[in-house]
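Every chain is numbered from 1, with letters handed out A, B, ... down the list of sequences. Atom set for the values below is all heavy atoms of this structure, side chains included, hydrogens, waters and symmetry mates excluded.
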Number of protein chains: 2
Amino acid sequence: MTRTPAPETRDADVRVAVSTVIFSVRRDEHDEPVLSLPLVRRTRDPFDGRWALPGGWLDATEGLDVAASRTLAETTGLTPSYLEQLYAFGAVDRSPTRVVSIVYWALLRSDEVDAQVAAHARGGDAPENVEWFDATDLPPLAFDHDDIVEYTLWRLRNKVGYSRIAHGLLPDEFTLADLREVNETILGKRLDPANFRRQVDTSDTLIPTERFRTGSHRPARLYRYNRDVELADRGPLPTRH
Amino acid sequence: MTRTPAPETRDADVRVAVSTVIFSVRRDEHDEPVLSLPLVRRTRDPFDGRWALPGGWLDATEGLDVAASRTLAETTGLTPSYLEQLYAFGAVDRSPTRVVSIVYWALLRSDEVDAQVAAHARGGDAPENVEWFDATDLPPLAFDHDDIVEYTLWRLRNKVGYSRIAHGLLPDEFTLADLREVNETILGKRLDPANFRRQVDTSDTLIPTERFRTGSHRPARLYRYNRDVELADRGPLPTRH
DNA sequence: CCAAAAGTGTTTAGTCTACACCCATGT
DNA sequence: ACATGGGTGTAGACTAAACACTTTTGG
């Protein structure tokens, strides 16, 4: 039972990586909203050619959250509106070499997707080998990334139920129909407009504006997200000394 | 924006540790139940002499869960009945050297506490520098372990509300009063016996036995935990291939 | 005026909580 | 018998789903 204390070099060959599952709601060819996520095509073994989650190695001089943001930006050019740690994956056989991956999940506002992509295209620094996929219809991924995405989806759907996290996928101002559509897309089912309205305005997370979106029918009031309330608990509030 | 890809040695000086917050319900001098956890006194710098969470370095040949169990056993001699990953802490300044800690939290059945402690005492391999503390009244801890424990407590109290996880703190057979007492101890408030009974037996997590605990008054039926239902979701079901 | 989405009201079923009450046992 | 915790019943409060209904615009 008692074990000789190991030398400090015991973990010399364990490396730490950071990956991020980042969701956004994009429109397909029929203008239907689709819960989507970007993947990066691997250009080396293992899993050369396979699609994988964006990520990279943890730098010794940066915190985990920062590493997640940085590697996401480096590989995809995207900056999320919401970022939360998901889980640390560390099975011995999940990669040929010993890698512990700290996985984050993130949300990207729908108006930012195209804006950020376009900006990189203009700047000539468009990320390569990046493609968006329907989150519910993915190709087989590298490593254990299939499991990771599945768990992330479960967590997202769960969290949408008890927090107002869907705002992280919308622009500053939006209608209740927009918000409801995002929720419907995530959950994959229709929600009652009347009851949805009541749920959000008893939750105090929305601030009504005096502006309206005018369309083909009765104008809908625009709302803003109330920044006084947290989007959702993000874990242990990483000791912001 | 674009960054030169780093060499594979970028994270050479990041080490991975595993720590565990393990709870049990112990009796104080007045026989009152107290939510307690064991701490280990550090015998070297940094924080020499301070109390810290049990843990140790991740071995390159073992998974994260296994490492949590092993380091817990090595430092305290305890074997948990429930183990779940909590969070990965990796702020740059949380330790003089760069350490990413994967923190687990665990439960230990009340009948196991003394049994395991006694077994080690007999075997002469009693763990040193280990002491149990009231979880709500801890001394200042080493590193960021104060924050970690606080977050763990929050998570435990939360989870007790929507899952039947308190069974992890009880022996195989127990009365509803036992189970309720554990819940009360965790939550720090009284629960209505009648309503508590209904909650648990609509949840299908308990199997009634034909045995009764006889005491000073009307005998109470003993229940067993229904192993067909999971205690609680433990995260992404670590790909048990 | 009509279609369609925005927004309001109401009915109902289910759940949660407090608490009154009966039951079974050791003293 | 009686005190005490084990166990059941139930009325009121609160919540959530379903859906009828009114409002406001564009065509």
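If you take CG of A:Asp192 and P of C:dT11, they are 17 Å apart, rounded to a whole angstrom. Summarising the geometry, the separation between CZ on A:Phe212 and P on D:dG26 is reported as 13 Å, rounded to the nearest angstrom. To the nearest angstrom, C1' of D:dT10 lies 11 Å from CG of B:Asn195. Summarising the geometry, the separation between CG on B:Leu191 and P on D:dG6 is reported as 14 Å, rounded to the nearest angstrom. In this structure, the CZ atom of A:Arg197 is 16 Å from the C1' atom of D:dA20, given to the nearest Å. Atom P of nucleotide C:dG7 and atom CZ of A:Arg213 are separated by 11 Å, given to the nearest angstrom.
Residue A:Ala194 places its side chain closer to C:dG9 than to any other of C:dG9, C:dT17, D:dA18. Closest to the side chain of B:Arg221, out of D:dA18, D:dG7, C:dC19, is D:dG7. Side chain of A:Arg198, nearest nucleotide from D:dA18, D:dG6, C:dA18: D:dA18. For A:Gln199, taking side-chain heavy atoms from C-beta onward, the closest of the listed nucleotides D:dC19, C:dC19, D:dA17 is D:dA17.
Counting heavy atoms from C-beta outward, B:Val100 and B:Phe89 have side chains that stay 4.5 Å or more apart. The side-chain heavy atoms of A:Leu86 and A:Tyr104, taken from C-beta on, include no pair separated by under 4.5 Å.
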- Checking salt bridge (charged side-chain N to carboxylate O under 4.0 Å, His left out) for the pair A:Glu210/A:Arg224: CA distance, chi angles, key distance, verdict? CA-CA 11 Å; A:Glu210 289 311 312; A:Arg224 283 189 300 109; over 6 Å; no

- Which is it for A:Arg41 and A:Glu128 under the salt bridge (charged side-chain N to carboxylate O under 4.0 Å, His left out) test, yes or no, and what are the steps along the way? CA-CA 9 Å; A:Arg41 193 196 292 275; A:Glu128 292 167 30; over 6 Å; no

- Could you walk me through whether A:Arg197 and A:Asp192 pass the salt bridge (charged side-chain N to carboxylate O under 4.0 Å, His left out) test, one step at a time? CA-CA 9 Å; A:Arg197 169 181 303 273; A:Asp192 184 303; over 6 Å; no

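Salt-bridge annotation for A:Arg26 and A:Glu112: absent, with no side-chain N of the basic residue lying under 4.0 Å from a carboxylate O of the acidic one.
Within residues 171-189 of chain B, no residue has any heavy atom closer than 4.0 Å to DNA chain C.
Side-chain contact, A:Thr175 with A:Arg180: no donor N or O sits under 3.5 Å from an acceptor N or O.
To the nearest 0.5 angstrom, A:Glu184 atom CD is 10.0 Å from A:Leu179 atom CG.
Between B:Phe174 and B:His167, the gap from one ring centroid to the other is short of 6.0 Å.
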Check nucleotides 23-27 of chain C for protein N or O atoms closer than 3.5 Å to its own N or O atoms and list the pairs.
| residue | atom | partner | partner atom | Å |
| --- | --- | --- | --- | --- |
| C:dC23 | O2 | B:Arg218 | NH1 | 2.8 |
| C:dA24 | O4' | B:Arg218 | NE | 3.4 |
| C:dG26 | O4' | B:Ser216 | O | 2.9 |

